[in-house]
Each structure stands twice: as structure tokens, then as C-alpha cells.
Amino acid sequence: MVIGLGSGHASDMAIQYLGRQLRTGALKDITGIPMSVASASEAAKVGIPLGHYQDCSQIDFAFDDADVIEEGTLVAIIGRRRLQGNESIIQEKSILKAADKLVFIIQEKQYKCDLEGLIPVLVQSLNWMETAEEIDDLFLGDAEVWRRPSIGHAGPLGGDFPLVTSEGHNILDVIFTSPILKLAEVAESLDKIDGVVEHGVISKIPCIAVITSDSGMYTVDNLQAVRER
């Protein structure tokens, strides 16, 4: 089995669990496809054989932390945290979309309707300001658009050191000040804008969310929402 290895605290725990299963012989013949340098490092520590996404024709299963998940639809947002090293939202999202089965691991407070906060949007560095203005016009009154800095404080222009990703793109943080009623529709609108390379919204069916709370853990899937359409 080929497994996409996510990033974040919960994903680190899942990677450690897989490593223990391998060492005891309860699990055999798996290859991990890391979504970040951090997940590759953690997997190497616990003895999970690693492959490269570019060399893999199929990913059977993937898990990842999500920043927030929309209740019911399980449309998720990733990429809010500050990127470290060669981390790539594009690589992370590509692996998640390619997986036959997908699981997000979140806390209960991250599972909600009427989401707020930011959506990261990767844009072409050339003429990034025109793209930012078009996004700002699209969500006029509902969101602010700031270019993400690599260090220091954020600002509309990204400060003195705007972030440039490993692929050569800027990241615009579209910060919603009003609730996002339908996250999938926001993603569709962003996809249509010239200059937008990718964004942090991911919608995949089927998908399962493992949700932790003070009283325990439970799972939900988005298949019921599909059946009810």
C-alpha cells in the first residue's frame, strides 16, 4: 500500500503509529509519500520506507491535519500555518487529491459551519497585484487580501520580505471577515481567476474526518451529504 503522509501534530502521531506497526510486523509492504520535509523526517525516524510523489502512479490512502473543515460537506482548508523550508501547498494538495481514500484528523473546534479566517491562494509572482485586486473585487466587503511575508509582520504588500514558495509563487492570504457560507463556491470562484495557481481549499469524495474532543473521538464522512443531494 502507498500512503500519503500528512503534516501536523496529529499526522506526526499517525506516522509514529505506522512505524510501531511496522516494527512489530503487524504491518508490512507499505511506502510512504511525504507531503512535507517534516513528515519525511518523522517517517524516516520511525523506519517507514519513503517514495516520491512524482514516481508514484497510485496513492491508496492519505491522511493529513486540516486547519478547518466545513460541517457536512467535509470541504477543508489547508495551508494556513507558516510554511517551513521546502513545504509546498501544491505538493500537499496534489497528494490528497490523488489518494483513493482520504482522512483528515482535526479537533472538534475545527469542524464547523459558516467558516471564518483565511484561505491561502498561490498566485503567479509576476503581476501578483492585479490578481490580488481581482480577488479583492470578488469578495468586496467580505474579505481582505494580504500578501504573505516570509518573516516579520504581515501587511497588504507582504512587508519587506514577501514569501516566495519553492515553485516561485507568492501566497495571498484572503482573510474573510464575514462567514463563508459555501466553501466549495469560493473555491470555484478562485479557480476562474487568471494568475491563481492553486489555493488551500480541498474538496474530495469520499472523505472521512476523524474528530477528537474532550469526551473522546468520532468519525464522519461526506457520503451522506452526497446521497442527500
Side-chain angles (χ1 to χ4, degrees), residues 6-8 35-38 53 64-71 73-98 104 106 109-204:
S7 298
M35 299 182 198
S36 68
V37 173
Y53 173 62
D64 198 10
D65 289 35
D67 295 310
V68 291
I69 292 182
E70 187 175 60
E71 187 175 336
T73 65
L74 268 59
V75 179
I77 298 176
I78 62 172
R80 284 185 172 180
R81 65 183 183 275
R82 186 183 293 269
L83 298 182
Q84 303 293 327
N86 291 324
E87 285 187 318
S88 168
I89 293 175
I90 293 176
Q91 176 176 322
E92 182 178 2
K93 188 171 177 180
S94 295
I95 294 171
L96 294 173
K97 291 172 66 176
F104 283 117
I106 58 168
K109 64 182 180 181
Q110 298 169 285
Y111 182 61
K112 60 184 77 174
C113 55
D114 297 342
L115 303 180
E116 294 180 342
L118 69 87
I119 295 175
V121 181
L122 278 75
V123 299
Q124 297 173 0
S125 295
L126 185 65
N127 299 324
W128 72 269
M129 191 172 291
E130 287 82 352
T131 306
E133 290 174 351
E134 189 170 350
I135 295 173
D136 190 48
D137 290 342
L138 179 64
F139 302 116
L140 188 62
D142 294 323
E144 298 178 355
V145 181
W146 288 18
R147 186 163 62 154
R148 186 177 295 190
S150 57
I151 58 174
H153 297 291
L157 300 181
D160 295 330
F161 303 98
L163 177 65
V164 178
T165 69
S166 57
E167 299 94 354
H169 306 307
N170 285 146
I171 296 181
L172 301 179
D173 287 328
V174 184
I175 307 166
F176 283 84
T177 54
S178 300
I180 305 170
L181 300 181
K182 292 185 179 180
L183 191 53
E185 292 184 2
V186 170
E188 290 175 3
S189 298
L190 289 171
D191 288 334
K192 297 175 182 177
I193 295 177
D194 288 339
V196 170
V197 179
E198 189 54 276
H199 51 73
V201 180
I202 177 165
S203 176
K204 184 173 177 62

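Judged by distance alone, with hydrogens and angles left aside, the side-chain atoms of Lys93 form a donor-acceptor pair with the main-chain N or O of Val201 at under 3.5 Å. A donor-acceptor distance shorter than 3.5 angstrom exists from the side chain of Gln110 to the backbone of Asp67, with no hydrogens or angles considered. Using modelled atom types, no side-chain atom of Ser203 and backbone atom of Val75 make a donor-acceptor pair closer than 3.5 Å. Checking side-chain atoms of Asn170 against main-chain N and O of Leu163 turns up a donor-acceptor pair under 3.5 Å.
Between Leu183 and Glu70, the shortest heavy-atom distance links the atoms N-OE2, 3.1 Å. The two residues Arg147 and Trp128 have their closest heavy-atom pair at NH1-NE1, 3.2 Å. Pairing each heavy atom of Ala66 with each of Phe104, the nearest pair is CB-CD2, 3.7 Å. Between Leu115 and Ile69, the shortest heavy-atom distance links the atoms CD2-O, 4.0 Å. Between Tyr53 and Ala98, the shortest heavy-atom contact is OH-CB, 3.9 Å. Listed here is the closest heavy atom pair of Phe139 and Val174: CD1-CG1, 4.1 Å.
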Quick one: side chains of residues 188-195, donor-acceptor pairs under 3.5 Å with protein atoms, not counting sequence neighbours, listed by atom name and distance.
from, atom 1, to, atom 2, distance (Å)
Ser189, OG, Glu185, O, 3.1
Asp191, OD1, His199, NE2, 2.8

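The distance from the CD1 atom of Ile89 to the CZ atom of Arg81 is 8.5 Å, given to the nearest 0.5 Å. Note that CD1 of Ile78 and CG of Asp65 are 10.5 Å apart. Values are rounded to the nearest 0.5 Å. Rounding to the nearest 0.5 Å gives a distance of 7.5 Å between CD of Glu116 and OG of Ser178. For the atom pair Leu126 CG and Thr131 OG1, the distance stands at 9.0 Å (nearest 0.5 Å).
For the pair Tyr111 and Glu71, the minimum side-chain heavy-atom distance is below 4.5 Å. Between Leu118 and Arg148 the shortest side-chain heavy-atom distance falls below 4.5 Å. Between Ser166 and Gln91 there is no side-chain heavy-atom pair separated by less than 4.5 Å. By the 4.5 Å heavy-atom criterion applied to side chains, Leu96 and Lys204 are not counted as neighbours.
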Test log, rule side-chain contact (heavy atoms from CB on, under 4.5 Å), inputs Glu167 and Ile90: CA-CA 9 Å; Glu167 299 94 354; Ile90 293 176; 3.9 Å; yes

Lys182/Thr73 under side-chain contact (heavy atoms from CB on, under 4.5 Å): CA gap, chis, key distance, verdict: CA-CA 9 Å; Lys182 292 185 179 180; Thr73 65; over 6 Å; no

Worked check of side-chain contact (heavy atoms from CB on, under 4.5 Å) between Leu181 and Asp114: CA-CA 5 Å; Leu181 300 181; Asp114 297 342; 3.6 Å; yes

Stepwise side-chain contact (heavy atoms from CB on, under 4.5 Å) test for Val123 and Glu134: CA-CA 12 Å; Val123 299; Glu134 189 170 350; over 6 Å; no

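Between the side chains of Glu144 and Thr177, not a single donor N or O lies within less than 3.5 Å of an accepting N or O.
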